[in-house]
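So you know, we letter chains A, B, ... as the sequences are listed, proteins then strands, and number each from 1. All values reported here derive from a predicted model rather than from experimental measurement.
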Amino acid sequence: MIKIFERRTRIAMNRVKKKKSPFIYKSYSKKPKHKWLRKRNAQEQRFKRTGVFCILIAFFFLASLVWNIFSNGYSAFTEAQINLPVEFQAELIEDDAYRKIIQNSLLELFPGIEDRKEKRELFSLISRNAPHILEKIVEEDPTVIGRKSMVWIPASSAVSIFYKQHLYEQAKRSGKISTSQVAWVTDLARTQNMRLKFNATFFKNGDSREAEQAGVLASTIGSFMTILVCIAMAFPLGVATAIYLEEFARKSWFTDFIEININNLAAVPSIIFGLLGLSIYLNIFGLPRSSSLVGGMVLALLILPVIVIATRNALQAVPPSIRYAAAALGATPTQVVFHHTLIYALPGIMTGVILSIARAFGETAPLLMIGMVAFIADVPKTFTDPATTLPVQVYLWANNPELGFVEKTAAAIMVLLTFMVLINLLAIYIRRRFEIKW
Amino acid sequence: MVKNMNAEKKKTENVAECGLENIRMKTQNLSVFYNNDQALHDINLDIACNKVTALIGPSGCGKSTFMRCLNRMNDYVEGCRVTGKVRLDGFNIYKDNVDTILLRQKVGMVFQKPNPFPKSIYENVAYGPKIHHLIENKDELDALVEKTLKRVGLWDEVADRLSAPGTSLSGGQQQRLCIARAIATKPEVVLMDEPCSALDPIATARIEELIAELEQKFTIVIITHSMQQAERVSDHTAFFHMGHIIEAGDTQKIFNDPEHQKTKDYIGGKFG
């Protein structure tokens, strides 16, 4: 009886097997016989290869961008200097005729130049800032007066570029450097009276008409002051708005309306915020033009919707069960927010805020509208002083036809990108370090 | 209409008759609506002082809604409307001028999923007493935290790492921490919404022991889907179905000799 039952079961199972699996894998090789399997494998491969290809293209563009900036800009971090035998004549110093001292020592270096045009060419080997440098030396150490000593003086921008060689062709073609100047510089280099030094001027000065004296300090300080104003305005406003909308406001057509508007604002072109700042801050409130105060306030408008959205997302990521737990303990809605939800959302909020600040840091267009595009040689001291920012400085230098500014532009971009990378690293660090996993 | 009302009166009397002398909470004609859907229909239930009352019934029958009425957590649900009365020691908590914050201190709640705050274990327990100003100074708070953690049997396990985050504990420990957090505010009633559904049998047994201990000091209302658990831990049981209370009374009676066919079927596992 049992045997019969077993046999029947086996037969039944076989039947089921045959019926239910019409296809049995005979081998698991990667080159299957069946056409549809080959097709499926090919599809997988194709998709993977497309992904790699896309990444390679993106990487190519990134690499060429970085290479382009670096190859143009690295030379801006050095400057050429000429070793001059300077005679600190007392009578000339009294007359403040430092320019004459320089000219004398140049003539001493290359004697026998009489032609007026040649003389002018000779004098333009040296930076126009040279008299100030001498003045400083005398101020610091008055004992040099009446003596003769060798002083390293920065060369002019054209000579500097020529000496660094990599822009030689352009320098000659643009007529910035003459044949005799080339000869002199070659001579100086041969006698080791020329050297390359780290260009501290670039980090110490503001903008200048002379390329060799132009620096990024004023625009960097301007950038940071602008960002400070921007944070001070956008952070409390944005976070408070988000908290209200997310935690307190009852859902109604009005909150929906606000939400739609905030999302739309995040997509508005930045130049429009510049126009808004121009018409409201400058024309109605009468705030000072091209100041970091107004710049920061305009950028605050720009990143406000982004901060609101980031904060709302961070608040939404806090599970409702935590809110209920706190509420069930008898915490008031405000306590729930400030003791729990906001605290747990803070890493996310900070990440969002920092990333939007990185955006504000690189913003140019709205600042042009409120006059931050001005020529700023001095470091701004207060928030109402005229100021400019790094990206605007890049824009200004990029528009300057003078050759020396090409490398300055690239170098300023490098400084800007360095700050960007630092800001983003900070955001990543905060996210990794303080993120709460639910 | 009149007949209906009479029938309800009888029902109420029936429940009241089942031997509850010390009534802590009492609902009268409690109805709850979510927008236009009625989730609870005229619930009349008494909850005895220092006893465990189990709420059983299939999913969606209104147990959780009922429980949320007891400490007004329904206020946080949008579109929720409550009619009728819920009395805590005779005082209607659905009056207009009730401070729900003070109410929730008196009626604590433990949730289905353990949800400790991502703060230290110490902070988790100390939070309630702090916001309600139940303690005067740090020493008192330390003592209260220790006492509470001892009461839930967690002290030996976490005494050396009170500053570790509450979320680093195991599931069963987390749930006991949540219970400690709820009883640290010195409530009169503790509501537990399926406290063991996310736990393994050993942790569950631990929580059940704890409930038996807590029963002496607190009035406990527990929702459970496990019939065995309801039978083990509770003194009274109420069976909910489709927003009505089908039967309520002594646990032994409900499980051994239910009056209604539906109760019998549910407990016997025929539906649910």
Asker: At a heavy-atom separation under 4.5 Å, does B/Arg181 approach chain A through its side chain, its backbone, both, or neither?
Answerer: both
Asker: More than 12 heavy atoms of other residues, nucleotides or ligands under 6.0 Å from CZ of A/Phe248: yes or no?
Answerer: yes
Asker: Flag the one option from B/Gly108, B/Ala182, B/Gly128, B/Pro118 with the top tally of heavy-atom pairs under 4.5 Å to chain A.
Answerer: B/Pro118
Asker: With a 4.5 angstrom heavy-atom cut-off, which part of B/Asp99 approaches chain A: side chain, backbone, both or neither?
Answerer: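 For B/Asp99, no heavy atom lies under 4.5 Å from chain A.
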Asker: List the atom of A/Ala328, the atom of B/Met109, and the distance in Å for their closest heavy-atom pair.
Answerer: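 That would be CB-CB, 3.9 Å.
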Asker: To the nearest 0.5 Å, tell me how far B/Lys113 NZ sits from A/Tyr324 OH.
Answerer: 13.5 Å
Asker: Below 4.5 Å, heavy-atom pairs only: which of B/Lys106, B/Lys119, B/Gln112, B/Gln105 has the largest tally toward chain A?
Answerer: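 Greatest number of close heavy-atom pairs with chain A: B/Lys119.
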Asker: Using the side chain to side chain contact (heavy atoms under 4.5 Å, CB included) rule, take A/Leu329 and B/Phe117 through it: C-alpha gap first, then chi angles, then the decisive distance, then the call.
Answerer: CA-CA 12 Å; A/Leu329 275 179; B/Phe117 300 132; 4.0 Å; yes
Asker: With a sphere of 6.0 Å drawn around CG of B/Asn36, does it hold more than 12 non-hydrogen atoms of other residues, nucleotides or ligands?
Answerer: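 For B/Asn36, atom CG is not crowded (no more than 12 foreign heavy atoms under 6.0 Å).
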Asker: Could you look at B/Pro116 and say if it's the side chain, the backbone, both or neither that has a heavy atom under 4.5 Å from chain A?
Answerer: backbone
Asker: Atom CD of B/Glu78 and atom CZ of A/Arg250: how far apart are they, to the nearest 0.5 Å?
Answerer: 6.0 Å
Asker: Are side-chain heavy atoms of A/His340 and B/Tyr127 found at a separation under 4.5 Å?
Answerer: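 Yes - at least one pair of side-chain heavy atoms lies under 4.5 Å apart.
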Asker: Checking B/Thr167 against chain A: side chain, backbone, both or neither under 4.5 Å from a heavy atom?
Answerer: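 Neither part; nothing is under 4.5 Å.
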Asker: In Å, rounded to the nearest 0.5 Å, how long is the span from NZ of B/Lys130 to NE2 of A/His339?
Answerer: 9.0 Å
Asker: Please classify the contact between A/Ile322 and chain B as side chain, backbone, both or neither, with a heavy-atom cut-off of under 4.5 Å.
Answerer: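 Backbone plus side chain of A/Ile322, per the 4.5 Å heavy-atom cut-off to chain B.
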Asker: As an exercise: rank B/Thr100, B/Thr185, B/Ile131 by heavy-atom pairs under 4.5 Å with chain A and give me the winner.
Answerer: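 The option with the most such pairs is B/Ile131.
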Asker: So does A/Phe434 have more than 12 non-hydrogen atoms from other groups sitting under 6.0 Å from CZ?
Answerer: yes
Asker: Name the option with the most non-hydrogen atom pairs under 4.5 Å to chain B; the candidates are A/Ser321, A/Ala325, A/Pro319, A/Ala331.
Answerer: A/Ala325
Asker: Heavy-atom count check: over 12 atoms from other residues, nucleotides or ligands less than 6.0 Å from B/Asn97 CG?
Answerer: yes
Asker: Give, as side chain, backbone, both or neither, the part of B/Val107 having an atom under 4.5 angstrom from any heavy atom of chain A.
Answerer: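 Looking at B/Val107, just its backbone touches chain A.
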